[in-house]
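Worksheet: one structure, shown below.
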Amino acid sequence: MIEPLIPVLGASNPVGHVIDRPLITSPDGAIWYVSNVTVMLALATVVTMLIVIPAARRIATGKGRTVDDMRAQGALANFVEAVCLYLRDEIFRPILGDQTDKFMPMLWTFFWFILVCNALGLVPLVDVTGGLLGLNHGHGIGGTATQSIWVTSALAVTAFLYWNINGLIKDTKGYFAHLTQGAPWYIWPIIVPVEILGTFIKPFALALRLFANMTGGHVLMAALFGFVLSLFKAFGVLGLGIGLIPLLGAVAIFMLEILVAFLQAFIFTFLTGLFLGQLVVHHHEEHEEHSAAVEH
Amino acid sequence: MTWMSLTRIAITGAAALALMPAVALAADDGNNLFAGTLLQSLAAIIAFVILLVVLRKFAWGPILSGLQDREAKIKGDLEEAEKAANEANATLTEYKAKLADAQEQARAMIDQSRADAQRVAAEIKDDTQNEINQMKERAQQDIGAAKEQALGEIYQQTAALATDVAGRILQRQIDETDQQRLVDESLGQLKRGD
């Protein structure tokens with residue numbers, strides 16, 4: 001009865017369960033034209049649009065100016081609005097001030113895209129398409145796009161370019177003045193390299209954090225499911241009974257993963273907004289304060 | 001240094017960072033956690049940019065303007081409500097003042113009426129009293145006159161009677177002139193005797 005499920009749970013190697021696999025490659029296999037991750041990215045793009053665009057129609061002001069035209073209508077619209085409004089008013093307005101609305105489209109896109117990528121990773125597409133249907137040599141099609149360091153790096157580089165370019169356009173002199181942190185000139189040989197290093201460490205940390213969080217939980221979940229199967233193999237039906245323990249553990253971790261999916265999308269977006277805010281807000285005041293401090 | 005060259009450095013750096021683990025672990029047994037190629041990064045960027053462009057037009061724009069409209073409306077409504085409340089307060093104060101004024105006027109009118117009534121009553125009373133006094137005086141005069149007239153007539157009768165009686169006693173007739181003289185004398189005595 002449980003035999004067909006064995007390939008689904010892929011007990012032998014929990015890591016094998018979560019890594020990206022190519023679907024269409026160059027003849028020598030060096031270039032992956034399309035991989036599981038590519039498919040999931042495309043799927044996430046479509047799903048994000050399907051969630052956000054219909055909601056946006058209902059959040060936008062209607063033709064009339066009645067009370068009903070002014071409010072979001074329906075569960076989906078209210079869900080999207082609650083999330084967007086929270087990010088805009090509670091998180092980014094204190095950081096970005098008057099410029100919040102200018103930067104929100106980018107930040108919202110980061111949040112929803114990463115969230116949908118993370119959440120789609122929790123749908124057992126790989127197990128269904130690979131384990132049950134035997135697609136892609138049994139490896140399946142699916143997975144978590146944000147579980148690939150290649151994807152998280154790309155997102156982090158995009159974010160890095162976004163905040164740096166905006167910082168440079170907003171206040172070029174301030175951008176470079178920022179590298180000294182307003183310290184006295186004799187500290188500059190130390191502080192400037194540290195700041196430059198920090199500039200590049202930020203996106204690195206963003207990429208690694210998202211990648212590690214998405215990978216770690218999934219590997220743990222796969223390992224726990226693997227225990228169930230190992231127990232069954234070793235002890236038969238009795239093993240299934242004991243297997244309830246890791247099974248419940250896996251369900252608990254799955255719940256945690258849902259939280260992590262939201263949390264990591266939020267953290268990535270929040271840090272992007274925070275780094276952006278450091279570069280585009282209050283440049284002058286900050287440096288005037290610093291120079292004033294130096295003069296004293 | 002322009003931001004274009006910075007951008008180039010950033011892309012190269014990030015790509016190198018991303019490539020490093022992949023290169024290091026490329027030789028393992030197909031369980032490489034960092035599996036993938038630069039095309040996956042490219043796909044991620046393309047997907048993100050498409051999403052950003054589409055959502056900016058069809059979602060974020062409408063949502064932002066919707067939220068801004070709503071904020072403007074709430075702000076406007078609040079301001080209007082505040083204005084209306086202020087107006088209502090002003091009107092209330094005005095009406096309160098008017099009411100107090102009207103009460104004051106009513107009280108003054110009542111006081112005035114009362115005073116008028118009292119004055120009229122006093123006048124009427126005085127007039128009546130005067131009239132009564134006049135009537136009394138006139139009555140006394142009338143009474144006095146009547147009394148005198150009556151007394152005169154009584155004296156005359158009495159005198160005539162007395163003269164008549166005396167004439168009869170004296171057995172002689174006194175003439176008219178004597179009679180008149182006697183009457184006058186006796187009247188004068190009577191009056192003195194009063």
Side-chain angles (χ1 to χ4, degrees), chain A residues 13 15-16 18-21 30-35 37-38 41-42 44-45 48-49 52-53 55-57 59-61 65 70-72 80-81 84-85 88 101 104-106 108-110 112-113 145 148-158 160-161 164-165 168-169 200 203-204 207 215, chain B residues 1-4 6-7 9-22 26 28-74 76-77:
Chain A
N13 184 356
V15 176
V18 298
I19 58 176
D20 189 17
R21 292 187 194 279
I31 306 171
W32 297 4
Y33 294 122
V34 177
S35 72
V37 158
T38 323
L41 283 169
T45 309
T48 311
M49 287 180 192
V52 177
I53 293 175
R57 292 225 176 113
I59 296 169
T61 314
R65 306 286 291 181
M70 284 291 180
R71 67 186 179 87
V80 171
E81 185 191 301
C84 289
L85 208 57
R88 172 176 174 254
D101 282 357
M104 278 326 289
M106 185 71 169
W108 277 335
T109 310
F110 268 126
W112 285 102
F113 185 53
S148 164
I149 189 78
W150 297 87
V151 172
T152 58
S153 300
L155 290 172
V157 168
T158 310
F160 169 85
L161 292 179
N164 280 296
I165 290 171
L168 276 167
I169 290 173
F200 292 98
F204 183 76
T215 305
Chain B
M1 190 185 290
T2 63
W3 63 263
M4 278 302 287
L6 265 182
T7 309
I9 291 170
I11 292 173
T12 318
L17 276 178
L19 273 168
M20 241 174 354
D28 77 7
D29 56 353
N31 286 325
N32 177 10
L33 271 181
F34 304 100
T37 63
L38 253 184
L39 277 183
Q40 275 64 54
S41 298
L42 193 65
I45 290 175
I46 291 171
F48 184 82
V49 170
I50 289 174
L51 196 63
L52 179 66
V53 170
V54 171
L55 291 188
R56 191 186 270 276
K57 179 156 172 51
F58 295 107
W60 307 141
I63 288 179
L64 269 178
S65 63
L67 295 178
Q68 285 161 353
D69 281 353
R70 195 184 309 163
E71 277 159 17
K73 180 164 168 56
I74 290 171
D77 286 356

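Because the structure is predicted, anything quoted here is derived from the model rather than measured.
Counting heavy-atom pairs under 4.5 Å between each of A/Met104, A/Arg57, A/Arg88, A/Met106 and chain B puts A/Arg88 at the top. Between chain B and the options A/Phe110, A/Trp108, A/Phe113, the largest number of non-hydrogen pairs under 4.5 Å is found for A/Trp108. With chain A as the partner, the residue from B/Ile74, B/Leu64, B/Leu55 showing the most heavy-atom pairs under 4.5 Å is B/Leu64. With chain B as the partner, the residue from A/Thr109, A/Leu85, A/Leu155 showing the most heavy-atom pairs under 4.5 Å is A/Thr109. Taking A/Thr215, A/Val151, A/Asp101, A/Thr38 one by one and counting their heavy-atom pairs under 4.5 Å with chain B, the maximum is reached by A/Asp101.
For A/Pro105, the parts sitting under 4.5 Å from any heavy atom of chain B are the backbone and the side chain alike. Interface residue A/Val37: only side-chain heavy atoms are found under 4.5 Å from chain B. For chain B, the nearby parts of A/Ser35 are the backbone and the side chain; heavy atoms of each come within less than 4.5 Å.
B/Gln40 and A/Asp20 form no side-chain donor-acceptor contact under 3.5 Å, judged by distance and modelled atom types alone.
For the side-chain contact (heavy atoms from CB on, under 4.5 Å) with A/Thr158, the lone residue among B/Val49, B/Ile45, B/Leu52 that qualifies is B/Ile45.
Scanning both residues, B/Ala44 and A/Ala154, for their nearest heavy atoms gives CB-CB, 3.9 Å. The two residues A/Thr45 and B/Leu51 make their nearest non-hydrogen contact at O-CD1, 3.4 Å. Here the closest heavy-atom approach between residue A/Ile19 and residue B/Asn32 is recorded as CG2-O, 3.3 Å.
Proximity of B/Val54 to A/Ile53: side-chain heavy atoms (C-beta onward) are separated by under 4.5 Å at one or more points.
A search for ring pair (Phe, Tyr, Trp, His ring centres under 6.0 Å) contacts involving A/Trp32 returns nothing, not counting sequence neighbours. Under the salt bridge (charged side-chain N to carboxylate O under 4.0 Å, His left out) criterion, B/Arg70 pairs with A/Glu81, not counting sequence neighbours.
Looking at B/Trp60, its side chain never comes within 3.5 Å of a backbone N or O of A/Ala56 through a donor-acceptor pair.
Put simply, CG on B/Leu42 and CH2 on A/Trp150 are 11.5 Å apart, with the number rounded to the nearest 0.5 Å.
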